[in-house]
Amino acid sequence: MGRLAIISAKGLLPVELARAVPDALIVTLKGVAHDQSGPVHEHQFEKLGALFVDLKSEGVTEVVFAGAMSRPKLDPADFDDFMQATAPRLMAAFGAGDDALLRLVVSLFEENGLSVRGAHEILEITAKTGLIAGPAPDETALKDAQRGTEILSVISSLDVGQGAVVAGGLCLGIETLQGTDAMLSFVAETPEHLRRAKGVFVKAPKAGQDLRVDMPAIGPDTIRNVAQAGLAGVALAAGRVLVLDREVSLKLAEDLGVFIYGLEDL
């Protein structure tokens, strides 16, 4: 087995991966924020050819993508030969949505002899089935979780978001481009007369999502924001959502009195 490279962006996950695989090569991309404190190899989106040369020279055979990364702003004038040849495919993917762009990125790495692994294949941090932390959800909360899964299932093919909040059967929020924290902040401002119950935040991947490079995740900030929004807890697609900084997240759930629950067949 060859060496692993971590393509690192912002967040807890790339840091946890670096701790778990200390001999991994850490790669960052110019203009993308990251939280790595050790040595990194920095590359440019516009010069992926140089990145592939570097990975092969370092004995890398596997890569894992980790962290929050927005669409890059590319300058075609800086494209290397590899990117010039890839430009037609890249432009088509840019016009087809985030999932199409991610699929292209995965294909480019695989075409260059690199296996793409998911973080969940390296770290055991996916949500388990049943109660994970906090108080057990009551019947109302479980019904709200089910309603949330139905909403996410309907909008899944639209490539909108990976989360929804339901309280007493009513949808209080749907995650969009602004992300989970923005949605929960909006839900926190919901007047009491619009709530029939405390409510549940439901998170699950979209249909066809490549979980190797885009698995949904929650962490301590999510738990704090769920509590701040007055919700009863979080329901996650078991095995298909990451729980980052797990010990801290679970303790927070216990301390704040919100549940984390894994749903089967979501």
Side-chain angles (χ1 to χ4, degrees), residues 6-21 32-36 63-71 98-99 101-102 105-106 116-129 132-134 145 148-149 152 156 159-165 173-185 187 200-229 231 233-253 256 258-264 266:
I6 301 170
I7 312 298
S8 180
K10 189 77 174 173
L12 294 168
L13 182 56
V15 176
E16 290 189 33
L17 284 166
R19 290 197 198 107
V21 189
V32 176
H34 66 87
D35 296 305
Q36 298 290 355
V63 298
V64 57
F65 295 85
M69 186 183 303
S70 58
R71 282 188 173 215
D98 289 345
D99 288 346
L101 185 57
L102 285 171
V105 170
V106 169
V116 177
R117 299 185 65 188
H120 61 289
E121 300 175 55
I122 301 167
L123 300 171
E124 293 186 10
I125 55 173
T126 55
K128 308 301 181 185
T129 302
I132 299 169
T149 67
L152 291 178
S156 181
D159 193 13
V160 173
Q162 304 167 327
V165 173
I174 294 174
E175 182 184 282
T176 53
L177 185 63
Q178 291 84 353
T180 297
D181 293 344
M183 179 195 66
L184 291 173
S185 176
V187 168
V200 177
F201 169 44
V202 185
K203 198 166 185 75
K206 295 169 287 186
Q209 195 167 328
D210 190 334
L211 300 183
R212 293 175 297 170
V213 293
D214 192 22
M215 182 177 284
I218 67 164
D221 286 346
T222 312
I223 303 304
R224 293 188 189 96
N225 290 334
V226 162
Q228 182 66 33
L231 303 179
V234 185
L236 308 172
R240 299 194 293 148
V241 177
L242 303 174
V243 180
L244 304 179
D245 207 352
R246 189 179 184 86
E247 289 186 13
V248 174
S249 294
L250 270 54
K251 186 176 187 306
L252 266 176
L256 296 174
V258 298
F259 65 76
I260 305 176
Y261 194 88
L263 296 169
E264 275 190 296
L266 180 54

Give the minimum heavy-atom separation between I132 and R246, together with the two atoms involved.
CG2-NH2, 3.9 Å
With sequence neighbours left out, which residue pairs that include part of residues 8-21 fulfil the salt bridge (Lys or Arg N to Asp or Glu O under 4.0 Å) condition?
K10-D35
Looking only at heavy atoms, what is the nearest atom pair of V63 and I7, with distance?
CB-CG1, 4.5 Å
Residues which pass side-chain contact (heavy atoms from CB on, under 4.5 Å) with A253, listed by chain and number, not counting sequence neighbours:
A133, I223, V258, I260
I want to check something: taking the side chain as every heavy atom from C-beta on, are V187 and F201 in contact at a cut-off of under 4.5 Å?
no
Any idea which heavy atoms bring V64 and A119 closest together, and the distance?
CG2-N, 3.7 Å
Rounding to 0.5 Å, atoms CD1 (I125) and OG (S249) come to a distance of 10.0 Å
Before accepting this row, confirm whether a basic side-chain N of the pair E175/K203 lies closer than 4.0 Å to the acidic partner's carboxylate O.
yes
Quick one: CG on L12 to CG on L17, what's the gap to the nearest 0.5 Å?
11.0 Å
Contact check, side chains of L152 and V202, non-hydrogen atoms, under 4.5 Å:
yes
Looking at every non-hydrogen atom in both residues, tell me the closest pair between T126 and H120 and how far apart they are.
CG2-CB, 3.6 Å
Are L211 and P216 packed together at the side-chain level, in the sense that at least one heavy-atom pair is separated by less than 4.5 angstrom?
yes
Side chain T129, main chain A238, donor-acceptor under 3.5 Å:
no
Using ring pair (Phe, Tyr, Trp, His ring centres under 6.0 Å) as the criterion, list what pairs up with F65, not counting sequence neighbours.
F109
Which distance, rounded to the nearest 0.5 Å, do you find between the CG of L123 and the CG of L242?
8.5 Å
Can you confirm whether more than 12 heavy atoms, excluding those of K128, are under 6.0 Å from its NZ atom?
yes
Test item: I218 and T180 side chains (from C-beta on) under 4.5 Å apart, heavy atoms:
no
Mind listing the closest non-hydrogen atom pair of P14 and S8 along with its distance?
CB-OG, 3.2 Å
Can you check whether V243 reaches L250 side chain to side chain, under 4.5 Å on heavy atoms?
yes
Using 0.5 Å steps for rounding, measure from the CG atom of L13 to the CG atom of L244.
5.5 Å
Which distance, rounded to the nearest 0.5 Å, do you find between the CG of L102 and the CG of D210?
7.5 Å
When rounded to the nearest 0.5 angstrom, what is the spacing between CG in L256 and CD in Q228?
10.0 Å
Quick one: closest heavy-atom pair of Q178 and A182, and the distance?
CB-CB, 3.7 Å
